[in-house]
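Report on one structure; see the data block that follows.
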Amino acid sequence: MKTVIIGAGLAGLSAAYHLKDNWVILEKESKVGGLAASGQSKGFTFDKTGHLLHMHNPYTKGWLIEGLLKNQMNTHARDSWIHSQNVFTRYPFQANTYGLAPKTLTECVVAFLKTRDKIRKPSADPHFHQWCLETFGRGISKHFMFPYNKKLWLIDLKKMTTEWIRNFVPIPSREEVLYGALVDQKKFFGYNASFYYPKSGGIQALPDAIAGELSGAELYLDTEISEIRWKEKRVVTATGSFSYDWLVNTSPLNLFLGRLSPKMPAALERAGKKALQSTVVYNLNLGITNPRPTPKHWVYFPENKFAFYRIGLSSNFAPNLAPPGTSCFYVEFARWAHQSFNYEKMLNHTLAALRHFGWMRPEDKVVMTHWNRIDPAYVVFTKERRAFLPQAFRFLEANNIISTGRYGAWKYSFMEEAILDGKAAAEKILKS
Ligand SMILES: Cc1cc2nc3c(=O)[nH]c(=O)nc-3n(C[C@H](O)[C@H](O)[C@H](O)COP(=O)(O)OP(=O)(O)OC[C@H]3O[C@@H](n4cnc5c(N)ncnc54)[C@H](O)[C@@H]3O)c2cc1C
């Protein structure tokens, strides 16, 4: 049985690895990795914003950390922060209000404790705004959850559903919140408390290692799928076409559905247009001559006076990502695709902020700037999305198409999940 895989990101590579043979991967870019690919400029290596590897599953840990990439990864304890009201507090905000102005801190803690005393049952299907109020109370919502998430997701939080929250938003206990208001606590919360990062080469080392294990068929780079003739079980590229028994799609679902020929049933097609919304992330990678601006790994910025929502320092994960005597920042801005973005203005805005924080000293110089435009970056969680996806996947699977990975399945997920998605797709095909 022959499988064609669209995309050599982590999901596509993992699907091929687990199929073992009789697969073909078609990838539009000239290297493997997708979102987990790294770039180089002027001696710097950078990812498409920070790409830190969190491993929770014993299978992936055994295969990759203890196997393929053995001795090639460093383990880091997360050192992440929030900057608001001119103060840096530890991540997550909800458990670490220590250091904030007494009025803010009191608002946060008192309202949180009230949510724990509530007599009303939580709403059955709250929108994200409601969920924040019910889970964290007004103070934490007002000072972090609302402004930060509005900046990241762009959408009205009352239109946003909450199924993505799973392991992305830690919920502390009342003792932890109280303790974290009184003490600079160093307890770790959340799914990314520690992470792995390659000792060299950036996160590209991960897809490269998986690609190095592939045999049993062909990986075509620089090969973009332009049309999917699903009735004939054939995909078309600029240079030819490939027939399949099974098709695994890991390219963005909205674009994939747009390439179906003939189109999906009209009602499904209409629903898809409303359901599949996403944001774009503009990622500035910036090399400067300050070798150690701060030991922090990354910082979240909820306030609107900063146009970016997060800044990280990749040279703090792996010093050799930056030449000796320099460091490398990644800066993230969110926009809708139709919005304009002024690169020069945002670069100057970032430099002013780095100087303000003392991360760039008066004598420091910028030695590298590089921009990535990530589109899609975050898929937007709405009721329309939730209603549409099961119908779309039923239609596709009935036609031997599995659409998976972060954008194939149109979800919010991390690298390990993409790898497991590819494995699950392969297992489904092998069992069929
Ligand atoms: C800003 C940001 C930060 C992130 N940070 C982290 C992090 O710190 N840790 C973490 O674990 N995860 C992180 N992630 C998530 C992680 O990047 C993804 O979950 C994972 O890389 C997705 O892999 P994938 O294979 O599903 O998709 P992709 O990597 O998108 O792969 C899809 C592939 O399909 C190819 N393709 C698309 N269209 C076509 C076509 N028509 N023909 C042929 N090929 C095509 C693409 O070029 C791409 O290579 C982050 C994501 C974002 C957006």
Side-chain angles (χ1 to χ4, degrees), residues 3-19 23-40 45-55 60 64 68-69 196-198 201-214 217-226 228 235 237 247-257 259 276 278-283 285 314 330 332 337 370-379 401-426:
T3 302
V4 167
I5 300 167
I6 305 179
L10 292 172
L13 292 171
S14 168
Y17 174 85
H18 290 97
L19 279 167
W23 50 263
V24 171
I25 303 185
L26 306 171
E27 165 57 55
K28 73 180 170 70
E29 300 295 337
S30 50
K31 62 178 169 188
V32 301
L35 236 121
S38 310
Q40 274 91 26
T45 299
F46 37 79
D47 302 333
K48 294 174 179 168
T49 89
H51 263 77
L52 324 162
L53 189 57
H54 316 289
M55 288 280 177
T60 40
L64 297 166
L68 259 189
L69 290 157
Y196 300 97
Y197 195 81
I203 200 61
Q204 182 78 47
L206 172 64
D208 281 353
I210 303 177
E213 292 293 290
L214 297 182
E218 292 290 324
L219 165 60
Y220 293 87
L221 298 174
D222 299 309
T223 307
E224 180 163 8
I225 305 260
S226 53
I228 296 108
V235 294
T237 71
L247 179 63
V248 175
N249 170 55
T250 71
S251 74
L253 185 62
N254 57 342
L255 302 179
F256 176 80
L257 295 178
R259 293 188 173 113
L276 303 180
S278 58
T279 64
V280 176
V281 164
Y282 291 85
N283 159 219
N285 296 298
S314 47
Y330 58 90
E332 297 169 81
H370 175 274
W371 286 93
N372 282 314
R373 184 180 184 276
I374 304 172
D375 179 16
Y378 288 87
V379 317
I401 300 171
I402 299 174
S403 193
T404 193
R406 178 166 165 127
Y407 302 107
W410 206 252
K411 62 182 176 178
Y412 182 16
S413 65
F414 43 96
M415 292 185 282
E416 182 186 43
E417 195 172 328
I419 292 167
L420 290 170
D421 286 346
K423 175 174 183 276

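Position 1 is the first residue of the sequence, and the numbers go up from there. All values below come from the heavy atoms of this structure, side chains included, with hydrogens, waters and symmetry mates left out.
Once rounded to the nearest 0.5 Å, the distance linking OG1 of T45 with CD of Q204 reads 10.0 Å. Between atom OG1 of residue T250 and atom CD1 of residue I6 there is a gap of 7.5 Å, rounded to the nearest 0.5 Å. Taking CH2 from W23 and CG from L219, the interatomic distance works out to 6.0 Å, rounded to the nearest 0.5 Å. The NZ atom of K48 sits 16.0 Å away from the OH atom of Y330 when rounded to the nearest 0.5 Å. N285 CG to W371 CH2: the interatomic distance, rounded to the nearest 0.5 Å, is 9.5 Å. From T237, atom OG1 reaches atom CG of D222 across 11.5 Å, with rounding to the nearest 0.5 Å.
A donor-acceptor distance shorter than 3.5 angstrom exists from the side chain of N283 to the backbone of T49, with no hydrogens or angles considered. Side chain of Y407 to main chain of A377: a donor-acceptor pair is present (N/O by atom type, distance under 3.5 Å, no hydrogens or angles).
Annotation: side chain of L276 is in contact with side chain of L257 (closest heavy-atom distance under 4.5 Å). The closest side-chain heavy-atom distance from I25 to L214 is below 4.5 Å. Put simply, the side chain of I228 does not reach to within 4.5 Å of the side chain of N249, judged on heavy atoms.
Every pair passing side-chain hydrogen bond (donor to acceptor under 3.5 Å, both in side chains) that includes a residue from residues 30-39 is listed here, sequence neighbours excluded: S38-D47.
Applying the side chain to side chain donor-acceptor pair (under 3.5 Å) criterion to S278, with sequence neighbours excluded, gives no partner residue. Every residue two or more places apart in sequence or in another chain that forms a side chain to side chain donor-acceptor pair (under 3.5 Å) with Y282 is listed here: R373. Residues passing the salt bridge (charged side-chain N to carboxylate O under 4.0 Å, His left out) test with E27: none are found, sequence neighbours excluded. Not counting sequence neighbours, E218 has no partner by the salt bridge (charged side-chain N to carboxylate O under 4.0 Å, His left out) test.
F414 does not carry R406 over the face of its six-membered ring by the limits of under 6.0 Å from the centre and within 45° of the normal.
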Would you sort out whether V235 and R259 count as a side-chain contact (heavy atoms from CB on, under 4.5 Å), showing the intermediate values? CA-CA 10 Å; V235 294; R259 293 188 173 113; over 6 Å; no
I'd like to know whether L19 forms a side-chain contact (heavy atoms from CB on, under 4.5 Å) with I5, so could you lay out the CA-CA distance, the side-chain angles of the two residues, the decisive distance to 0.1 Å, and finally the verdict. CA-CA 11 Å; L19 279 167; I5 300 167; 4.2 Å; yes
Might you work through the side-chain contact (heavy atoms from CB on, under 4.5 Å) test for I401 and F256, ending with a clear yes or no? CA-CA 11 Å; I401 300 171; F256 176 80; 3.7 Å; yes
Criterion side-chain contact (heavy atoms from CB on, under 4.5 Å) on T404 and V248, from CA distance to verdict: CA-CA 7 Å; T404 193; V248 175; 4.0 Å; yes
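The nearest pair of heavy atoms linking I374 to P376 is CG2-O, 3.7 Å. For the residue pair Y197 and H51, the shortest heavy atom distance occurs at CE1-O, 3.2 Å. For the pair I402 and A425, the tightest heavy-atom approach, listed with the atom from each and the gap, is CD1-O, 3.8 Å. Smallest separation of non-hydrogen atoms from V24 and L26: CG1-CD2, 3.7 Å.
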I'd like a table of donor-acceptor pairs (distance under 3.5 Å, sequence neighbours excluded) in which one partner is a side-chain atom from residues 8-17, with atom names and distances.
unit_1, atom_1, unit_2, atom_2, d
S14, OG, H18, ND1, 3.3
S14, OG, I419, O, 2.6
S14, OG, K423, N, 3.3
Y17, OH, W63, NE1, 3.3

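Put simply, the residue from E416, E417, M415 that forms a side-chain contact (heavy atoms from CB on, under 4.5 Å) with T60 is E416.
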